[in-house]
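So that the names make sense, note that chain A is the first sequence line, chain B the second, and so on, each numbered from 1. Below, all heavy atoms of this structure are taken into account, side chains as well, without hydrogens, waters or symmetry copies. Note that the structure is a prediction, hence the values are computed from the model and not measured.
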2 protein chains.
Amino acid sequence: MPDDRWVPPTVLLAVDLVILTLRQSRLQVLLIQRGIEPYRGALALPGGFLSHDKEDLSAAAHRELSEEAGLGPDELHLEQLGFYGAPERDPRGRVVSAAYLAVAPRLPEPVPGTDASRACWMPVTQALAGESNLAFDHAEILTDGIHRAREKLERSALATAFCGPTFTISELQDVYEAVWGVTLDARNFYRKVQSVDGFIVAAGPTRKNVGGRPARLFRPGPRTILHPPMSRPQGPTSQEAT
Amino acid sequence: MPDDRWVPPTVLLAVDLVILTLRQSRLQVLLIQRGIEPYRGALALPGGFLSHDKEDLSAAAHRELSEEAGLGPDELHLEQLGFYGAPERDPRGRVVSAAYLAVAPRLPEPVPGTDASRACWMPVTQALAGESNLAFDHAEILTDGIHRAREKLERSALATAFCGPTFTISELQDVYEAVWGVTLDARNFYRKVQSVDGFIVAAGPTRKNVGGRPARLFRPGPRTILHPPMSRPQGPTSQEAT
DNA sequence: GGGCTTACTGTCAATATGACAGTAAGCCTA
DNA sequence: TAGGCTTACTGTCATATTGACAGTAAGCCC
C-alpha cells in the first residue's frame, strides 16, 4: 500500500434502485425519464447522489424510494443488489453506483406523483427490449435485479413482498408465474405453499370476491427461508449468478 | 434532484477482499496485520483504495489479490460480495468499501510472501471469535462472505474452486463439510455429486495416493449451476440473505 | 496373506415432485 | 330456484430424490 504523500482518488457515489412490482400480472419496474444531462430524456432507474456527507447508503435508498416513487419504508422489501463502478459508465466522471433491489406490493394504477411525476411503471420485458434504451448501465443493473428476484423467489418468502398485507394463494401464484415467466400447476402450488410451515398463515376466516368461490386470505408468515425451496420449472432464464 | 449549484459529496472508495480457502480441512480466511493507522496492528481483510482515477473495481480487486496474497487471476473464483458504506465505518472520512469474495484452491502451508508478509491464514471461526477483533466492519463483511459461500455451495459448482485443478470426491466432500460445518454421508455424497451431469468430470484414469485405495480424479465440469441443488443438512447457520 | 485404510457400489424406506380429475362455493341468468 | 359459469380448493398415483445403512474393492504395511 502507498505510504504518505499518496492521495487516493475520490469518486461520486450514486444510489440506484430497481423497484419491482406486479401490475396486470406482469413484472414491472419503476423508471424515470431523466430531466438533466447526461441521457436527458432517456429512461433510467430512479436514483441519485448522496445528499450529504454523512448519509447512510440504505438511508439514501429509502430517501430516493420516497422522493421518486412515493414509497414509504413500510411494507416494502429492500436489499442490496450490487455495485457498478466501471470507469466510463458516467460521462460526468468517476461515479460508482450502489444498486438496491426493492419489491413493492401491487400498487394502484396511477404512479404516486410525489416528486418526479415523470416516473412510470413499465413491464421489464419492455424495459429491456432494444427500443427503450435505458441510461448508463441501467439495463445491466435491471437484468441483475430481475435475476436476483427470480432466485430469491425460490428460496425465500420474497414473493409475499409483491402482495399486499393479505393475499390469496392464487395471487401468490400469480407472482411466481409473472416473475419466473412460467405457468405453474395450481394444485401442486397449493400443496407446496401450504406444506412449508410458516411461509403463509391464515389471515382470519375472511374472504374476498372476484368471480367465483371466495378465497381464503393469508398473511406472510414468520418463515423467511423456504426449505425445501420452491421448484422453478425450466425457466427461460438460466445463468450463473454474479 | 437538485439543480445546479449543488455539488454531491465525494467518497473514498476501498476494495476489500474476503479470500477463503481450505486448509487442514478447515475454512480459513486471509488476514493482514495492518501497518498503518487507523487500527494499526489489528487484523483486517486485505484491501485498499483505488490506485487511480480510472481503475476498474474488479481490476482493483485482482490487483489487491496479487499484491497482498500473491494470487493470480487464474484458478481463482472472484465475485462481488456487497458494499459497505456506513458513514462512520472509517475514522479517516467517508469511505465506502466494495467487498469481493474470492475462493482459492488449497494452498501450500506458507503464505505467499509477495508483498505483505504480514498476511496469514486463519480459521474463520477464530477470526470471528471475540478475541481477534477485526478492523473496521470487517467482521461483518467476513460474516457475509462466509454466508455467501455457504449458499453458493448449494446451488453452484463453487466448491470446486476450493480444490486444485484435479481432485477426488473425498476432497470435494471435505470442502462441503468444512464450509458448512456439517458431516455428510459419503455414500450419498458420491451418488449426488456424480448424478449431477457436468458438475465434475473424470480427469484421466489417473489415481492418487494416501493411505488406502487410490481414488479417481476429477476436474470441474462445464456445469456451474447445480440442479437440483446439494442439500445442506440442518446447518448451524440459518439466516436470511442480504 | 492378514489387517489396516480409504474408495467405492447397492438397497430400501421416507419424502417431495409432477401430472391429472373431481368437488365446493360463490355469482349470474333464465 | 335450477342450471351454468368462474374461481377455490382437495385427493390420488407414478416417479424422482433423499436419508439411512452395509458390503465389496484396492491399495499399503507387517
Side-chain angles (χ1 to χ4, degrees), chain A residues 24-25 153-155 163 166-178 180 182-219 223 225-235, chain B residues 24-25 153-155 163 166-178 180 182-219 223 225-235:
Chain A
Q24 300 153 195
S25 292
L153 243 50
E154 293 183 53
R155 320 184 59 71
C163 301
T166 63
F167 49 86
T168 68
I169 294 185
S170 294
E171 285 171 349
L172 196 61
Q173 182 177 346
D174 249 29
V175 173
Y176 277 90
E177 293 187 332
W180 282 350
V182 298
T183 307
L184 300 175
D185 182 277
R187 303 166 284 221
N188 294 336
F189 187 82
Y190 270 71
R191 179 183 56 193
K192 175 64 182 177
V193 163
Q194 297 191 94
S195 73
V196 177
D197 204 59
F199 180 15
I200 58 174
V201 299
T206 332
R207 51 184 57 185
K208 216 173 175 181
N209 45 345
V210 260
R213 170 177 171 177
R216 287 176 299 175
L217 287 177
F218 293 85
R219 283 181 294 104
R223 172 75 49 90
I225 296 185
L226 271 30
H227 191 73
M230 303 291 289
S231 71
R232 162 158 55 154
Q234 278 299 66
Chain B
Q24 302 152 191
S25 292
L153 243 50
E154 294 184 53
R155 319 184 59 69
C163 302
T166 64
F167 49 86
T168 68
I169 293 186
S170 296
E171 286 171 349
L172 197 60
Q173 182 178 347
D174 250 28
V175 172
Y176 277 90
E177 293 187 333
W180 282 349
V182 298
T183 307
L184 301 176
D185 182 277
R187 305 168 282 225
N188 294 336
F189 187 81
Y190 270 71
R191 178 182 57 192
K192 174 66 181 177
V193 163
Q194 297 190 94
S195 73
V196 177
D197 203 59
F199 180 14
I200 58 174
V201 298
T206 330
R207 49 183 59 183
K208 216 173 176 180
N209 47 343
V210 262
R213 168 177 172 178
R216 287 175 299 175
L217 287 177
F218 293 86
R219 283 181 292 103
R223 171 75 49 90
I225 296 183
L226 271 30
H227 191 73
M230 304 291 289
S231 71
R232 162 158 56 152
Q234 278 298 67

Distances under 3.5 Å between nitrogen or oxygen atoms of protein and nucleotides 15-19 of chain D:
from, atom 1, to, atom 2, distance (Å)
dT18(D), OP1, Lys192(B), NZ, 3.2
dG19(D), OP2, Ser231(B), OG, 3.1
dG19(D), N7, Arg191(B), NH2, 2.8
dG19(D), O6, Arg191(B), NH1, 2.9

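- Counting atom types as modelled, Arg213(A) pairs no side-chain N or O with a base atom of dA25(C) as donor and acceptor under 3.5 Å.
- Looking at Val193(A) and Phe199(A), their side chains come closer than 4.5 Å, going by heavy atoms from C-beta outward.
- Each of Thr183(A), Asp185(A), Leu184(A) was checked for a side-chain contact (heavy atoms from CB on, under 4.5 Å) with Pro233(A), and the lone residue meeting it is Leu184(A).
- At a cut-off of 3.5 angstrom, the base of dA22(D) holds at least one donor-acceptor pair with the side chain of Arg187(B).
- Remark: P of dT17(C) and CD of Gln194(A) are 14 Å apart, rounded to the nearest angstrom.
- Applying the 4.0 Å criterion to OP1 and OP2 of dT9(C), one finds that Arg216(B) has a side-chain N or O inside that range.
- Note: CG (Asp174(A)) to P (dT7(D)) measures 11 Å, nearest angstrom.
- Taking atom CG on Asp185(B) and atom P on dA22(D), their separation rounds to 11 Å, with Å as the unit.
- Side-chain contact check for Glu154(A) versus Tyr176(A): every heavy-atom pair is 4.5 Å or farther apart.
- Rounding to whole angstrom units, CD of residue Glu154(A) and C1' of dT17(C) are separated by 15 Å.
- His227(B) places its NE2 atom 17 Å from the P atom of dA16(C), with the value rounded to the nearest Å.
- Comparing Pro214(B) and Gly211(A) against DNA chain D, the residue whose closest nucleotide sits nearer the 5' end is Gly211(A).
- A straight line from CZ of Phe189(B) to P of dT9(C) spans 14 Å, rounded to a whole angstrom.
- Contact of the Thr166(A) side chain with the Phe218(A) side chain is not registered, since no non-hydrogen atoms from C-beta on lie closer than 4.5 Å.
- When side chains are defined from C-beta on, Arg219(A) does not count as touching Ile200(A), because their heavy atoms never get closer than 4.5 Å.
- For the pair Tyr190(B)/Leu172(B), no side-chain contact is recorded, criterion being any heavy-atom separation below 4.5 Å from C-beta on.
- Summarising the geometry, the separation between CG on Leu226(A) and C1' on dA16(C) is reported as 14 Å, rounded to the nearest angstrom.
- In this structure, the side chains of Met230(A) and Phe189(A) come closer than 4.5 Å at one or more pairs of heavy atoms.
- Distance OH (Tyr190(A)) to P (dA24(C)): 16 Å, rounded to an integer number of Å.
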